[in-house]
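What follows is a short report on a single structure.
Whatever order the structure lists them in is the order used to number ligands and atoms, beginning at 1.
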Amino acid sequence: MEMTKKLSDAFNKQVQAEMWSSNLYLSMAIYFMDMGLEGCANWMKKQAQEELEHAHRLIDYSSKRGGKARVSQIDEVPFEWESPQAVFEHVYKHECHVSELIDKLMDLAIAENDKATQEMLRWFVNEQVEEEETAKGILDKFAVYGVHGLYCIDHELGKR
Ligand code: FEO
């Protein structure tokens with residue numbers, strides 16, 4: 001059974017969202033590189049790479065299931081933030097937003113009675129739990145270490 005057009009279109013929108021996320025994290029990496037915070041930059045570059053992998057995972061699946069995978073134009077991403085902590089607050093907020101998008105995609109797969117796609121999307125549901133938890137964990141470090149702990153945090157994020 002091929003995936004429905006509705007689902008295929010929704011997958012393409014999610015591909016766009018994942019690629020936008022990748023650009024967002026790359027932009028954050030540049031922000032940190034400019035500040036000389038190489039550990040934070042390293043974390044963001046890896047995050048950007050992961051988002052591209054998410055996009056590819058969606059494209060591969062759609063293509064396998066007879067969908068019409070498409071790559072569309074990606075909107076511009078922000079490039080300025082108030083502080084390193086504000087960047088990670090943005091990461092957390094953004095990941096919560098992506099979780100909502102994935103939930104909506106799952107709702108559609110259920111409405112379309114496409115069990116294979118529901119199964120495939122379960123990976124993303126679990127991934128989002130991890131994504132939110134990781135971002136929250138970094139924010140907790142800012143709360144515990146305070147501004148003076150920035151170099152400790154940078155060192156830790158360099159190990160990703
Ligand atoms: Fe692909 Fe960070 O969500």
Side-chain angles (χ1 to χ4, degrees), residues 3 6-33 37-65 67-112 114 116-143 153-154 156-160:
M3 82 196 299
K6 245 189 190 176
L7 256 178
S8 169
D9 290 348
F11 260 60
N12 286 341
K13 275 209 163 144
Q14 190 60 33
V15 166
Q16 209 175 4
E18 300 289 349
M19 291 178 83
W20 191 87
S21 302
S22 180
N23 284 353
L24 173 69
Y25 294 135
L26 193 54
S27 182
M28 288 172 171
I30 294 166
Y31 169 89
F32 284 124
M33 277 191 288
L37 292 167
E38 294 301 329
C40 293
N42 167 68
W43 192 92
M44 289 298 172
K45 280 185 198 165
K46 298 242 165 91
Q47 190 70 13
Q49 192 56 41
E50 259 195 33
E51 299 303 348
L52 271 188
E53 284 164 19
H54 293 170
H56 284 227
R57 190 181 271 260
L58 292 160
I59 289 168
D60 289 349
Y61 178 81
S62 172
S63 186
K64 208 162 63 182
R65 288 285 316 283
K68 299 259 177 289
R70 294 281 181 270
V71 180
S72 319
Q73 191 176 344
I74 313 295
D75 290 339
E76 202 180 339
V77 293
F79 52 87
E80 274 178 338
W81 291 268
E82 248 174 49
S83 65
Q85 187 170 348
V87 178
F88 284 101
E89 275 159 9
H90 191 173
V91 173
Y92 178 64
K93 233 175 101 184
H94 181 64
E95 288 303 332
C96 290
H97 168 67
V98 175
S99 298
E100 283 171 17
L101 295 180
I102 295 292
D103 282 354
K104 281 192 185 137
L105 208 48
M106 179 63 102
D107 288 344
L108 184 62
I110 292 167
E112 299 287 286
D114 187 332
T117 301
Q118 291 167 38
E119 197 56 38
M120 182 270 185
L121 287 173
R122 242 164 238 132
W123 183 89
F124 279 92
V125 171
N126 292 327
E127 174 72 4
Q128 282 313 120
V129 173
E130 244 182 67
E131 295 269 59
E132 283 183 30
E133 193 189 2
T134 306
K136 188 80 175 48
I138 297 170
L139 277 180
D140 288 346
K141 283 187 208 303
F142 273 97
I153 294 171
D154 189 58
E156 277 187 39
L157 297 187
K159 292 186 205 153
R160 180 178 184 181

Protein N, O or S atoms under 2.8 Å from atom 1 (Fe) of ligand 1 =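 My tally for this metal is 3.
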Q.
In terms of relative ring orientation, are Trp43 and Tyr25 parallel, tilted or perpendicular, with 30° and 60° separating the classes?
A.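 Rings of Trp43 and Tyr25: perpendicular, as their planes differ by over 60°.
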Query raised in the report: What residues, two or more places apart in sequence or in another chain, satisfy side-chain contact (heavy atoms from CB on, under 4.5 Å) together with Glu156?
Result: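 For Glu156 the side-chain contact (heavy atoms from CB on, under 4.5 Å) partners, ignoring immediate neighbours, are Lys141, Tyr145.
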Those residues that, when tested against Arg57, pass side-chain contact (heavy atoms from CB on, under 4.5 Å) (two or more places apart)
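side-chain contact (heavy atoms from CB on, under 4.5 Å) check on Arg57 returns Met120, Trp123, Phe124.
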- request: Using atom types as modelled and distance alone, determine if a side-chain donor or acceptor of Asp114 lies under 3.5 Å from a backbone N or O of Ala109.
  value: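 No; zero donor-acceptor contacts below 3.5 Å.
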*Assess the side chains of Glu100 and His97: does a donor N or O sit below 3.5 Å from an acceptor N or O?*
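Absent: no donor and acceptor within the cut-off.
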Exercise. Could I get the full list of ring pair (Phe, Tyr, Trp, His ring centres under 6.0 Å) partners for Phe142, not counting sequence neighbours?
Key: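 Scan of Phe142 (ring pair (Phe, Tyr, Trp, His ring centres under 6.0 Å), adjacent residues dropped) gives Phe88.
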